[in-house]
Amino acid sequence: MNKDELIMMDVLSLLKGLCDLYMHGATEAACPKVNTAFKQALSDTLTLQKEVFDAMEQKGWYKIPSETQKNIDKVVKKFAAGC
């Protein structure tokens, strides 16, 4: 892993953590203005996270493994049966 890739992985990880914090803030905020601020911060951070992810994927630094239809069907069947 090169230095740029490592930095981007760290940035992506931090953005994911921020999204989690902002989501919890939005669900817990009793004050409407604070709730709105958390929602806006979450939206902005989700947008930035997607941009970082897309850049990493284009460079081949974040590969999403493809899944077989057999495994997809197995998971669907499991959840349809109530686990």
Side-chain angles (χ1 to χ4, degrees):
M1 187 177 295
N2 69 43
K3 185 177 178 181
D4 290 340
E5 183 178 358
L6 185 60
I7 290 169
M8 291 291 276
M9 282 297 237
D10 286 346
V11 168
L12 187 62
S13 181
L14 289 169
L15 289 169
K16 288 178 181 181
L18 279 173
C19 288
D20 189 47
L21 290 172
Y22 291 147
M23 187 270 306
H24 281 82
T27 58
E28 297 292 329
C31 173
K33 287 183 179 182
V34 173
N35 181 275
T36 299
F38 274 120
K39 286 181 190 177
Q40 186 61 55
L42 175 59
S43 179
D44 294 346
T45 306
L46 285 168
T47 299
L48 185 55
Q49 182 273 330
K50 176 71 169 126
E51 291 171 2
V52 171
F53 169 82
D54 288 345
M56 291 179 68
E57 189 177 37
Q58 284 179 342
K59 291 185 176 284
W61 294 344
Y62 199 113
K63 294 180 177 74
I64 300 173
S66 58
E67 192 54 76
T68 65
Q69 188 61 46
K70 180 181 175 182
N71 286 342
I72 293 169
D73 293 341
K74 183 179 173 181
V75 171
V76 168
K77 184 177 178 181
K78 176 183 174 181
F79 284 99
C83 295

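What's counted below: heavy atoms across the whole structure, side chains too, no hydrogens, waters or symmetry copies. On a predicted model such as this, the values are computed, not experimentally measured, just so you know.
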Under 4.5 Å between side-chain heavy atoms, hopping through other hydrophobics if needed: is there a path connecting L21 to L15? no
Please name the pair of heavy atoms, one in [X] and one in [Y], separated by the smallest distance, quoted to 0.1 Å.
X   : Y   : answer
I72 : E67 : CG1-CG, 3.9 Å
A26 : N35 : O-ND2, 2.6 Å
I64 : E57 : CD1-OE2, 3.8 Å
K63 : P65 : O-CD, 3.6 Å

Criterion side-chain contact (heavy atoms from CB on, under 4.5 Å) on N2 and W61, from CA distance to verdict: CA-CA 10 Å; N2 69 43; W61 294 344; 3.9 Å; yes
D54 versus Q58, side-chain donor and acceptor atoms under 3.5 Å: no
In Å, rounded to the nearest 0.5 Å, how long is the span from [atom1] of [X] to [atom2] of [Y]?
X   : Y   : atom1 : atom2 : value
H24 : C19 : NE2   : SG    : 12.5 Å
F38 : M23 : CZ    : CE    : 11.5 Å
N71 : S66 : CG    : OG    : 10.5 Å
T68 : K74 : OG1   : NZ    : 9.5 Å

Compare all side-chain heavy atoms of T47 with those of D44 and state whether any distance is below 4.5 angstrom. no
Assess whether side-chain contact (heavy atoms from CB on, under 4.5 Å) is satisfied between Y62 and L12, documenting all intermediate values. CA-CA 10 Å; Y62 199 113; L12 187 62; 3.4 Å; yes
Any side-chain to backbone donor/acceptor pair from T45 onto A41? Under 3.5 Å, distance only. yes
Between D20 and K16, does any NZ, NE, NH1 or NH2 come within less than 4.0 Å of an OD or OE carboxylate oxygen? no
With a 3.5 Å cut-off and sequence neighbours excluded, list the donor-acceptor pairs that the side chains of residues 4-11 form with protein atoms.
none

